[in-house]
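All heavy atoms count here, side chains included; hydrogens, waters and symmetry mates do not. Chain naming here is simple, since letters A, B, ... match the order of the sequence lines and numbering starts at 1 in each.
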Protein chains: 2
Amino acid sequence: MEEQLSDRGKRILEAVIEDYIQTAEPVGSRTITRSHALALSPATVRNVMSDLEEMGLLTSPHTSAGRIPTDKAYRLYVNSILEARQNLTAGKRDEIRRRCRMAGKDPAEVLKEASRLLSSTSSYMGVVIAPRMAANVFHQMEFVKLSSHRILAILVSQNGTVQNRLLEIDEEIAQEDLVRMANYLNGMLQGLTIGQVRERLLAELQSEKVQYDSLMKKALALSEQTIRTDSAEIFLEGQANILEQPEFADAAKMREIFRAFEKKSTLLDLLDRSMLAEGVQIFIGAESPLLKMEGMSLVTSTYLTGKDTVGVLGVIGPTRMGYGRVIPIVDYTAKLISRMLEGE
Amino acid sequence: MEEQLSDRGKRILEAVIEDYIQTAEPVGSRTITRSHALALSPATVRNVMSDLEEMGLLTSPHTSAGRIPTDKAYRLYVNSILEARQNLTAGKRDEIRRRCRMAGKDPAEVLKEASRLLSSTSSYMGVVIAPRMAANVFHQMEFVKLSSHRILAILVSQNGTVQNRLLEIDEEIAQEDLVRMANYLNGMLQGLTIGQVRERLLAELQSEKVQYDSLMKKALALSEQTIRTDSAEIFLEGQANILEQPEFADAAKMREIFRAFEKKSTLLDLLDRSMLAEGVQIFIGAESPLLKMEGMSLVTSTYLTGKDTVGVLGVIGPTRMGYGRVIPIVDYTAKLISRMLEGE
DNA sequence: ATTAGCACTCAAAAACTCAGAGTGCTAACG
DNA sequence: CGTTAGCACTCTGAGTTTTTGAGTGCTAAT
């Protein structure tokens, strides 16, 4: 049905995309023959472009304007980039590395810095989601008595992530009982993932023998409360960057976008699904059906913080994004973060 | 030098301000006579307005437009509001209370929710800064061994705030030593504020007797590392709200504002100074010289989380802000938060 | 002291013009 | 037959002019 894309067609399409990425203006046949050294006349280019339009790769906003690549065209373009991946310049690489180092060792700090980094090196928005707590490996639990009715529960995972929660209790528990409870739990839960820990706790709560030991019952109940919420943290930086993009100069569009990002949950859903596949993934425009991200694209990569606990990070920008530049940045950052968090 | 403000002048000024707050358009003499039931003709009003302009309370953007209140006028207006403070409607109050409850007990959660709350009830931006850690009262310290070279230090304050830090160490320390170290420190630091703790630790590190006890020396060093960074947390919500304001429809202005808020440090400086005075404070336009907040105002109030550890919360919006509505919101929220955090 | 009346001002909106970039088609060319 | 020059046609955006209407300031009357 659809005509096959000729080699020349491909080159011209590429030229259109690259020009458009730079200027954000519809590009015409003339411009292309000038900037890209194709030994062709504008008229020929016009014919080809007309074909490309037929194939659904270009559109023109109106009869006498240049042409704009469609999502489909970007998809094609991105795929060809992904095959022939460029490397980062040594300079960029160093900068990224240096800034990551600066952040210290605390996982949360590293991830936040990564997000800033992605945003500033790409000049779009950087986003990082911390791995779900559930995938972390349990290390230790502590109960700290703050006052007669308030206990602070602290949950430490092997990778240094800490989750804490303030618990209100009805009847006072002695500090030494708290310590015993913690010991008991720590013994029982050693080496499980937090997800497994939760299951285990629930199972244990049901079991016969616990029913008669009120202290242990309390211990289980408390720790279950502590672990209950597993809200993935999300770091979104550089929102101001996208104000720079001419396609969002319109205030109404801006507003919509900002509103969309205010509820982080939608963003989370979107990123969650890229967790399934490994490596760099790209969502172009309407390909990500969740968010009606008109004119927005997303470049993500997974990263590892342990054996197989994964998070996702990436860059969000206009569909008209410098993919060639952004992809290596995301890729490299993901690998670097993996190394920083996982290693030692 | 300056003529005194007549009672009628005051009423008219108020009318201008209130109209302008609603419409964001320069208001003319005609409009005023219609909307506010003053038994005066436009011509009279014009005369009065002319006087007000003389006194520096109004300006007109150009000869044949209506008039706009100056910062000075807002100041006057706000002061009069502050004197005759209205109360919140019961409905609003309930809503605020309900949402605060929802947030649970964790201080960080409460503050974050408060910020959201301020933003959504005021329809401007909500901002809350958490009290400096330094002002909190020390409660307990723990060292958790993660691997041979990594220790997680956890610092708990009396109010349930937790600060943790990943430390890298050169030589392994046995878990039981860590416990002993913690016990020693907890004994020594009981009841001090975090600020005092820090001083004490530094002093102790210098002291003679410690030099010979390598374990204690290590303990002090580690805990000093833990406590070193005291970055006040800041919760800023509802940035999208201010996109709604017509005065920022212009993309360039928007950008500037967002950039300004991206560096939270300037905002922090600004809020820090309102920590000095108690209760509701208002900064109008250029009155806050730090940020060149053109056209922005800030309504803040201090809140307490303990005896005398204070934080600041407030609302940031356009100078043309519904002060009458916002002030009680900020006031009430601050009091409520105080009660929630301090009480128990 | 207030107000009606009136001439005057000015910005924003609407209407208009025009140049330029771009297209599509046709006919010529190698 | 693919490529290209030429040309008529289209449409936008920028710049100009016109129009409108809200608003002022002044003066004279009440």
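Remark: R116(A) engages E113(A), E237(A) in a salt bridge (Lys or Arg N to Asp or Glu O under 4.0 Å) (not counting sequence neighbours). S80(B) is linked by a side-chain hydrogen bond (donor to acceptor under 3.5 Å, both in side chains) to nothing, counting only residues two or more places apart in sequence or in another chain. In this structure, the side-chain hydrogen bond (donor to acceptor under 3.5 Å, both in side chains) partners of R85(A), at least two apart in sequence or on a different chain, are D331(A). Not counting sequence neighbours, the partners of S123(B) by the side-chain contact (heavy atoms from CB on, under 4.5 Å) test are R325(B).
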Base-contact (B) and sugar-phosphate-only (S) positions in nucleotides 5-16 of chain C, heavy-atom cut-off under 4.0 Å, - elsewhere: B---BBS-----
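Applying the salt bridge (charged side-chain N to carboxylate O under 4.0 Å, His left out) test to residues at least two apart or on different chains, the pairs with a partner in residues 11-30 of chain B are D7(B)-R11(B).
One finds no side-chain N or O of T44(B) lying less than 4.0 angstrom from the OP1 or OP2 phosphate oxygen of dT2(C). A close approach under 4.0 Å does occur between a side-chain nitrogen or oxygen of R67(B) and OP1 or OP2 of dG25(D).
Following rounding to the nearest Å, E53(A) (CD) and dT23(C) (P) show an atom-to-atom distance of 10 Å. Note: CE (M49(B)) to C1' (dT24(D)) measures 10 Å, nearest angstrom. For the pair D51(B) CG and dA1(C) C1', the interatomic distance rounds to 13 Å; values are reported in whole Å. N47(A) has its CG atom 15 Å from the P atom of dC1(D), to the nearest Å. One can place CZ of R30(B) at 11 Å from P of dT24(D), the figure rounded to the nearest angstrom. Between the CG atom of L58(B) and the P atom of dT24(D) there is a distance of 10 Å, rounded to whole Å. We find that CD of E25(B) is positioned 11 Å from C1' of dA22(D), with the value rounded to whole Å. Atom pair I32(A):CD1 and dT4(D):P shows a separation of 14 Å (rounding to whole Å applied).
Residue S60(B) is classed as having no contact, given no heavy-atom separation below 4.0 Å to the nucleic acid.
Distance alone, capped at 3.5 Å, is enough to place a donor-acceptor pair between the S115(B) side chain and the F235(B) backbone.
Candidate nucleotides dT4(D), dT3(D), dA4(C) were compared by shortest atom distance to the side chain of S41(B), and dA4(C) ranks first.
A donor atom on one side chain and an acceptor atom on the other are found under 3.5 Å apart for R259(A) and N241(B).
The 5' end of DNA chain C is approached more closely, in terms of each residue's nearest nucleotide, by A39(B) than by the other of A39(B) and S29(A).
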